[in-house]
2 protein chains.
Amino acid sequence: MRVSREQAALNRDRVIDTGARLFREKGLDGIGIADLMKASGLTHGGFYGQFESKDALAAECVTRVLGKSVERWRRLLEEGLLEEPGGDPLRTLVEDYLSARHLNGPETGCAFTTLAADAARRGGAVAQAMSDGMEALAGILRSILPDGGRGRALAILSQMAGAMTLARATADPALAEEMLAAARGAILAGR
Amino acid sequence: MRVSREQAALNRDRVIDTGARLFREKGLDGIGIADLMKASGLTHGGFYGQFESKDALAAECVTRVLGKSVERWRRLLEEGLLEEPGGDPLRTLVEDYLSARHLNGPETGCAFTTLAADAARRGGAVAQAMSDGMEALAGILRSILPDGGRGRALAILSQMAGAMTLARATADPALAEEMLAAARGAILAGR
DNA sequence: ATTATCTATAGATCTATAGATAATGC
DNA sequence: ATTATCTATAGATCTATAGATAATGC
């Protein structure tokens, strides 16, 4: 039954990865600990040896997901710079975020678009993880904006998150694509 | 036990109002039928005589909430026009939406900011109600934009919804207010 | 006779905990 | 000896339905 410390750490890590996916897919109230642990290949009761509560796991998942977004944005900017030294870094990020791939893959996408309302309701560590992620992503945006303004970075961040959130809530694929295109246009024109 | 048709219609209406509030406050998965009916002054089992399912009620609630937003926007524009004939209608709407009042009152606020992610997961009638609301609100925005462009209207709509959603998800009130101010600035400058 | 609402329940799920087990790490 | 994981369960909640009740509306 018992595994090595190393394996236990890997198991814990896998639970966070599973939560990161299932919470985005089903919402924080849409998946239970038992199913989450089963999807991680562990049993229900084992959860509470690794995490204090469901909220604590949710906060770790949000931190991980937004950390992955930071990594992705940095990589996109690096690669874009290498491929095309005089390119348009903001366009690179915006087209990646407001893409059909992101629209159709909420379970692997930005936590803002799937978990922001849940975070607002729960507050605490989950909301703190959201705040930290916002600061980090806004910082990246500032670094590639001509004036480097924090306000402009926050506006772009919320424009991107809002457009993807509404596009997914739509019953009409054409309206969804219009929403994304409109936001891409507004962000890239407003400079 | 049985009440008149008129009273039954009033009871049904009250359940929708209760759902409109509690769903926004707690999320679609955060409140059950039994508690919702109790909050409406009725018993659990009575629900299924009035609604086919929880999803069906949720769709009616989204329709009602976004209908109220349409009413509110129309009223704000009418009143603004009466008070100041040469005023700034877009500013009126944006300042009302991106306000501290709206930030602190999700249970009476725009459905986009509280229920969009849930609608994306559920699809069906709930997502259809979201789509219809988006079209209606975008139409109002178009009517007050100088070029009347649908793209610009959709961009403004998602900018407003996104900024409020992220502002509420924040653990830091200062960051929340920065987010709202940034979006107000971006929308009103981008004309 | 119809029907709005009621009580009661099925059957499934929820978070969290208690205590057992068995392998690790000292 | 410690501890990662297990089984089992408490106690609460979930959606939905069945069948009873009693007042309305014909």
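The figures that follow rest on heavy atoms only: side chains count, while hydrogens, waters and symmetry mates do not. Chain A is the first sequence line, chain B the second, and so forth, proteins listed ahead of strands; every chain is numbered from 1.
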Restricting to pairs with a member in residues 82-109 of chain B, which pass ring pair (Phe, Tyr, Trp, His ring centres under 6.0 Å), not counting sequence neighbours? B:Y97-B:H102
Intra- and inter-strand pairs of DNA chain D in dot-bracket (Watson-Crick or G-U wobble, both distances under 3.5 Å; | for another strand): ||||||||||||||||||||||||..
By nearest atom, which of the nucleotides [options] is closest to the [X] side chain?
X: B:T43; options: C:dA16, D:dA4, C:dT7; result: C:dT7
X: A:I33; options: C:dT15, C:dT5, C:dT3; result: C:dT15
X: A:K54; options: D:dT5, D:dA4, C:dA16; result: C:dA16
X: A:V3; options: C:dT15, D:dT5, C:dT24; result: D:dT5

May I ask you to say whether A:R122 pairs ionically with A:D29, meaning some side-chain N is under 4.0 Å from a carboxylate O? yes
Does the pair B:E60/B:R64 count as a salt bridge with the N-to-O cut at 4.0 Å? no
Send over the distance from [X] [atom1] to [N] [atom2], rounded to a whole Å.
X: B:M37; N: C:dC6; atom1: CE; atom2: P; result: 7 Å
X: B:R2; N: D:dG19; atom1: CZ; atom2: C1'; result: 17 Å
X: A:Y48; N: C:dA20; atom1: OH; atom2: P; result: 21 Å
X: A:Q50; N: C:dA16; atom1: CD; atom2: P; result: 16 Å
X: B:K38; N: C:dT7; atom1: NZ; atom2: P; result: 11 Å
X: A:E52; N: C:dT15; atom1: CD; atom2: P; result: 16 Å
X: B:F47; N: C:dC6; atom1: CZ; atom2: C1'; result: 16 Å
X: A:H44; N: C:dA18; atom1: NE2; atom2: P; result: 14 Å

Both B:D35 and A:A8 contact DNA chain D. Taking the nearest nucleotide for each, which residue is further toward the 5' end? A:A8
DNA chain D nearest-nucleotide lookup for B:G45 and A:R12: closer to the 5′ end is A:R12
May I ask you to say what B:G32 touches in the nucleic acid, namely base, sugar-phosphate or nothing, with a heavy-atom cut-off under 4.0 Å? sugar-phosphate
Heavy atoms only, 4.0 Å cut-off, all strands: where does B:S4 land among base, sugar-phosphate and nothing? sugar-phosphate
Using the side-chain hydrogen bond (donor to acceptor under 3.5 Å, both in side chains) rule, collect all pairs that involve residues 131-157 of chain B, keeping only residues at least two apart or in two chains. A:E178-B:R150, B:Q128-B:D132, B:E135-B:R150
Does a donor on one side chain sit under 3.5 Å from an acceptor on the other, for B:R24 and B:T108? no
Short question: side chain of A:Q159, backbone of A:I187 - any donor-acceptor pair under 3.5 Å? no
The reported gap from CZ in B:R74 to CD1 in B:I140 (rounded to nearest 0.5 angstrom) is 4.5 Å
